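Taking it in order: structure first as structure tokens, then the write-up.
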Amino acid sequence: MSDPRPNGRESVRVHLLRHAHAGDSFDWIGDDDLRPLTKKGRAQAERLGAFLDAHGVRPDTIISSPLVRARQTAEIVAEALGMTFRTDERLGKGFGKRELWDLFDETGAREVMLVGHDPDFSSLLAYLVDTVGISLRKGALATVDLDTKLGDGEGQLRWLVPPDLLADA
């Protein structure tokens, strides 16, 4: 997405998608990295994919955490958009502003969708739009426009789509 701003700087857009519902980690037996989406989570991802497709959202790239629940979310959403996705270890744990800018630099993309986890995504969103106490629920999507090389809190929140907004009536 190329969207020149009045200040002459190019902008980029990031979609932060927290993986869909994967149950309670305390109920899961085994390696938490292998915890899959639940039936509820698959339905959340399908509804979000349909919503994004209906609204013409087509990021340049979709990048997912390698953890199973994130990969499954990315796969469902990417399929709905007629796209593919790739994984990146950095989205597994400890993803922040430095990693975000590194991904933009590495991919050359102007619009990316990242599929990952909390608390990383809520913390990153709070930093990007200069707020506190914001929390991305499982299956939520936040879309932020950013001027390249911006400072704290200069991002513009475009969408914050909680999973229950797209729930079947």
Side-chain angles (χ1 to χ4, degrees), residues 1-3 10-22 33 36-37 40-129 131 134-148 150 154-167:
M1 172 196 92
S2 181
D3 178 20
E10 291 280 321
S11 68
V12 293
R13 176 169 284 175
V14 61
H15 303 276
L16 298 174
L17 171 55
R18 184 173 176 201
H19 68 79
H21 192 267
D33 291 1
L37 293 180
K40 175 182 176 179
R42 289 187 166 282
Q44 285 174 335
E46 289 168 1
R47 286 190 302 267
L48 181 62
F51 171 83
L52 294 171
D53 183 51
H55 286 84
V57 173
R58 292 293 182 283
D60 298 326
T61 188
I62 300 173
I63 306 171
S64 174
S65 156
L67 279 61
V68 169
R69 57 196 173 273
R71 281 194 342 252
Q72 289 176 331
T73 302
E75 180 179 28
I76 293 166
V77 171
E79 184 177 322
L81 300 178
M83 297 180 67
T84 60
F85 73 97
R86 70 177 179 90
T87 61
D88 190 298
E89 293 290 329
R90 292 172 287 193
L91 283 159
K93 293 182 179 84
F95 191 84
K97 61 185 177 181
R98 175 169 292 164
E99 292 80 12
L100 173 66
W101 287 114
D102 286 348
L103 279 180
F104 271 114
D105 288 343
E106 292 165 15
T107 63
R110 306 306 299 163
E111 183 173 352
V112 298
M113 178 176 291
L114 304 176
V115 185
H117 311 274
D118 252 12
D120 297 348
F121 276 14
S122 290
S123 296
L124 180 59
L125 178 60
Y127 163 77
L128 293 174
V129 299
T131 190
I134 194 163
S135 179
L136 287 176
R137 293 180 51 209
K138 292 176 185 172
L141 173 80
T143 299
V144 179
D145 286 342
L146 306 162
D147 287 332
T148 56
L150 53 72
E154 294 179 20
Q156 295 181 337
L157 181 63
R158 294 297 182 190
W159 287 3
L160 182 53
V161 182
D164 50 347
L165 177 69
L166 305 176

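Just so we're clear, the structure is a prediction, and the values are computed from it rather than from any experiment. FYI, side chains are in, hydrogens and waters are out, and symmetry mates aren't considered; it's all heavy atoms of this structure.
- Here CD of E75 is found 14.0 Å from CE of M83. Values are rounded to the nearest 0.5 Å.
- Here the OG1 atom belonging to T84 is positioned 11.0 Å from the CG atom belonging to L81, to the nearest 0.5 angstrom.
- Rounding to the nearest 0.5 Å gives a distance of 9.5 Å between CG of D102 and CG of D88.
- Every residue meeting the side chain to side chain contact (heavy atoms under 4.5 Å, CB included) condition with E89, not counting sequence neighbours, appears here in chain and number order: P66.
- The shortest side-chain heavy-atom distance between T87 and R71 falls under the 4.5 Å cut-off.
- When all heavy atoms are compared, the tightest approach of R69 to A22 is CD-CB, 3.6 Å.
- Remark: R18 CZ to L125 CG distance equals 12.5 Å, nearest 0.5 Å.
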T107/D60 under side chain to side chain contact (heavy atoms under 4.5 Å, CB included): CA gap, chis, key distance, verdict: CA-CA 9 Å; T107 63; D60 298 326; over 6 Å; no
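- Between the side chain of R86 and the backbone N or O of I63, no donor-acceptor pair lies under 3.5 Å.
- Proximity of a side-chain donor or acceptor of T73 to a complementary backbone N or O of A45 within less than 3.5 Å is not detected.
- When the shell of 6.0 Å around CD of E79 is examined, it contains 12 or fewer heavy atoms from other residues, nucleotides or ligands.
- Taking L165 as the reference, V161, P162 meet the side chain to side chain contact (heavy atoms under 4.5 Å, CB included) condition, with sequence neighbours excluded.
- Taking NZ of K138 as the reference point, atom NE2 of H21 lies at 5.0 Å (rounded to 0.5 Å).
- Residues satisfying the side chain to side chain contact (heavy atoms under 4.5 Å, CB included) criterion with T143, sequence neighbours excluded, are R13, H15, L141, R158, W159.
- Residues satisfying the side chain to side chain contact (heavy atoms under 4.5 Å, CB included) criterion with A80, sequence neighbours excluded, are absent altogether.
- Under the 4.5 Å side-chain criterion, counting only non-hydrogen atoms from C-beta, L160 is in contact with I134.
- With sequence neighbours excluded, the residues satisfying ring pair (Phe, Tyr, Trp, His ring centres under 6.0 Å) with F104 are W101.
- Not one N or O on the side chain of E99 forms a donor-acceptor pair closer than 3.5 Å with the backbone of L91.
- Of the inter-residue distances, the one linking Q156 atom CD with D147 atom CG reads 7.5 Å to the nearest 0.5 angstrom.
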Show every donor-acceptor pair shorter than 3.5 Å between a side-chain atom in residues 112-123 and any protein atom, with sequence neighbours excluded, or say none if there are none.
residue: H117; atom: NE2; partner: S65; partner atom: OG; Å: 2.7
residue: D118; atom: OD1; partner: S122; partner atom: N; Å: 2.9
residue: D118; atom: OD1; partner: S122; partner atom: OG; Å: 3.0
residue: D118; atom: OD2; partner: S122; partner atom: OG; Å: 2.7
residue: D120; atom: OD2; partner: G94; partner atom: N; Å: 2.8
residue: D120; atom: OD2; partner: F95; partner atom: N; Å: 3.0
residue: S122; atom: OG; partner: L136; partner atom: N; Å: 2.8
residue: S123; atom: OG; partner: P119; partner atom: O; Å: 3.1

Intermediate values then yes/no, salt bridge (Lys or Arg N to Asp or Glu O under 4.0 Å), R90 and E106: CA-CA 13 Å; R90 292 172 287 193; E106 292 165 15; 2.7 Å; yes
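- Looking only at distances, a side-chain donor or acceptor of Q72 sits under 3.5 Å from a matching main-chain atom of L37.
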Step-by-step side chain to side chain contact (heavy atoms under 4.5 Å, CB included) determination, L124 to V14: CA-CA 11 Å; L124 180 59; V14 61; over 6 Å; no
